[in-house]
Amino acid sequence: MMEQITSSYILDYLKNNEIHLASTHAKLCTPIIRRMCQKMWYIIRFGEIKLCDDMYVLLDIDGVMVPAQSWKRPEFLQDGFPVFSLKSIQALQKIINKTDATLVLTTSHKSIYSISEWKDIFKLRGISVSALDRLTANDLNLSRKEEILQWYNSGGHSDDQIVIIDDDKSLHALPFDMKQNLVMTSPMVRLTDELADDAISILKAGALAPA
């Protein structure tokens, strides 16, 4: 069924059927429509659909913005934090510009710096971040998967649009619906323009219903 819901299918349906209710939106978003149909198909309750609000990028740093090369000491800028890859900088800025999402830092470095200091770290590397947050300190030594699930379940994010950008392979064990919102990077290649496009598509489509 879901494979049938394409832009051409929707336009053809609108053209050939009597529509009793008119949308106030100037444009239609196929991924959003598909998401709604999936949730109705599986009888899953969902709140209002949000296109521009309550978007979150759960962002790791090592292996995403900085190459994870255990045999090689990374380069550092004057703030004492490693240099970001230029391509990763451009990719992350693209995500921010296209979605205006809040960055939520999941990196193991998250508690070392204040939010203000993190903003300065990004600014020094040419990344403009307006909304920035971080997971709470990992005092219980939780896995990355457990940290993210704790943030998701305790923060009331079930109706929010989320993408997780990380190189931690343990995240493949996330629940199915959350795993659909995972963009896995290669530690050596880091965040690329193509992966940025994947992240943007996930944010615009929202969470997927379980298959």
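We use all heavy atoms of the structure for the numbers below, so side chains are in, but hydrogens, waters and symmetry mates are not.
Here the straight-line distance linking atom CG of D197 with atom CD1 of I95 works out to 8.5 Å at 0.5 Å rounding. Taking CD1 of I19 as the start and CG of L14 as the end, the distance is 5.0 Å to the nearest 0.5 Å. Put simply, CG on L58 and CG on N181 are 10.0 Å apart, with the number rounded to the nearest 0.5 Å.
Shortest non-hydrogen contact noted between L105 and K110 is O-CD, 3.7 Å. Taking every heavy atom of both residues into account, M65 and D60 meet most closely at CG-O, 4.2 Å. Shortest non-hydrogen contact noted between M184 and H172 is CE-NE2, 3.7 Å. In terms of heavy atoms, T192 sits closest to A91 at O-CB, 3.4 Å. Between I162 and W151, the shortest heavy-atom contact is CD1-CZ3, 3.7 Å. For the pair T106 and E147, the tightest heavy-atom approach, listed with the atom from each and the gap, is O-OE1, 4.4 Å.
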Exercise for the section: With side chain to side chain contact (heavy atoms under 4.5 Å, CB included) as the test, would you mind laying out the steps for R144 and L171 before giving the verdict? Expected result: CA-CA 7 Å; R144 182 64 51 79; L171 295 181; 3.9 Å; yes
Practice task
For side chain to side chain contact (heavy atoms under 4.5 Å, CB included), just list the numbers for S130 and D100, CA-CA rounded to whole Å, side-chain angles, deciding distance to a tenth of an Å, and then say yes or no.
Solution key: CA-CA 8 Å; S130 58; D100 198 29; 3.8 Å; yes
Practice task
Mind running side chain to side chain contact (heavy atoms under 4.5 Å, CB included) on H109 and D62 for me, showing each step along the way?
Solution key: CA-CA 9 Å; H109 307 294; D62 295 327; 3.0 Å; yes
Handout entry: Candidate pair L174 and I164, rule side chain to side chain contact (heavy atoms under 4.5 Å, CB included), full reasoning
Key = CA-CA 11 Å; L174 282 167; I164 304 163; 3.8 Å; yes
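For the pair L182 and M178, the minimum side-chain heavy-atom distance is 4.5 Å or more. Put simply, the side chain of D166 does not reach to within 4.5 Å of the side chain of T185, judged on heavy atoms. The shortest distance between side-chain heavy atoms of Q150 and T136 falls below 4.5 Å. You'll find the side chain of K87 stays beyond 4.5 Å of the side chain of L191, heavy atoms only. With a 4.5 Å cut-off on side-chain heavy atoms, I165 and L195 do not count as touching. Looking at I202 and V183, their side chains come closer than 4.5 Å, going by heavy atoms from C-beta outward. With a 4.5 Å cut-off on side-chain heavy atoms, S108 and I61 do not count as touching. Side-chain contact check for S85 versus V66: every heavy-atom pair is 4.5 Å or farther apart.
Classification of R125 and D79 as a salt-bridged pair holds, one side-chain N sitting under 4.0 Å from a carboxylate O. Here D168 does not pair with K145 in a salt bridge; the nearest charged N to carboxylate O distance is not below 4.0 Å. D167 and R190 are not joined by a salt bridge, as no carboxylate oxygen comes within less than 4.0 angstrom of a charged side-chain nitrogen. The pair D193-K94 meets the salt-bridge criterion, since a charged nitrogen lies less than 4.0 angstrom from a carboxylate oxygen.
Follow the hydrophobic side-chain contacts under 4.5 Å out from I127 and you reach L59 in the same cluster. Transitive grouping of hydrophobic side chains (ILVMFWY, heavy atoms separated by less than 4.5 Å) keeps L92 and L124 in distinct clusters. Tracing side-chain contacts under 4.5 Å through hydrophobic residues (I, L, V, M, F, W, Y), one never reaches V64 starting from L77; they form parts of separate clusters. One hydrophobic cluster, built from ILVMFWY side chains closer than 4.5 Å, cannot hold both V83 and V189; they sit in different ones.
Not a single side chain to side chain donor-acceptor pair (under 3.5 Å) links K123 to another residue, sequence neighbours left out. For D198, the salt bridge (Lys or Arg N to Asp or Glu O under 4.0 Å) criterion is met by no residue, not counting sequence neighbours.
D160 pairs in a side-chain contact (heavy atoms from CB on, under 4.5 Å) with only one of the listed residues (L203, D54, T102), which is D54.
Between the side chain of N153 and the main chain of L149, a donor-acceptor pair closer than 3.5 Å is present.
Listed by first and then second residue, the ring pair (Phe, Tyr, Trp, His ring centres under 6.0 Å) pairs that reach into residues 115-138 are F81-W118, F84-F122, Y113-W118, sequence neighbours excluded.
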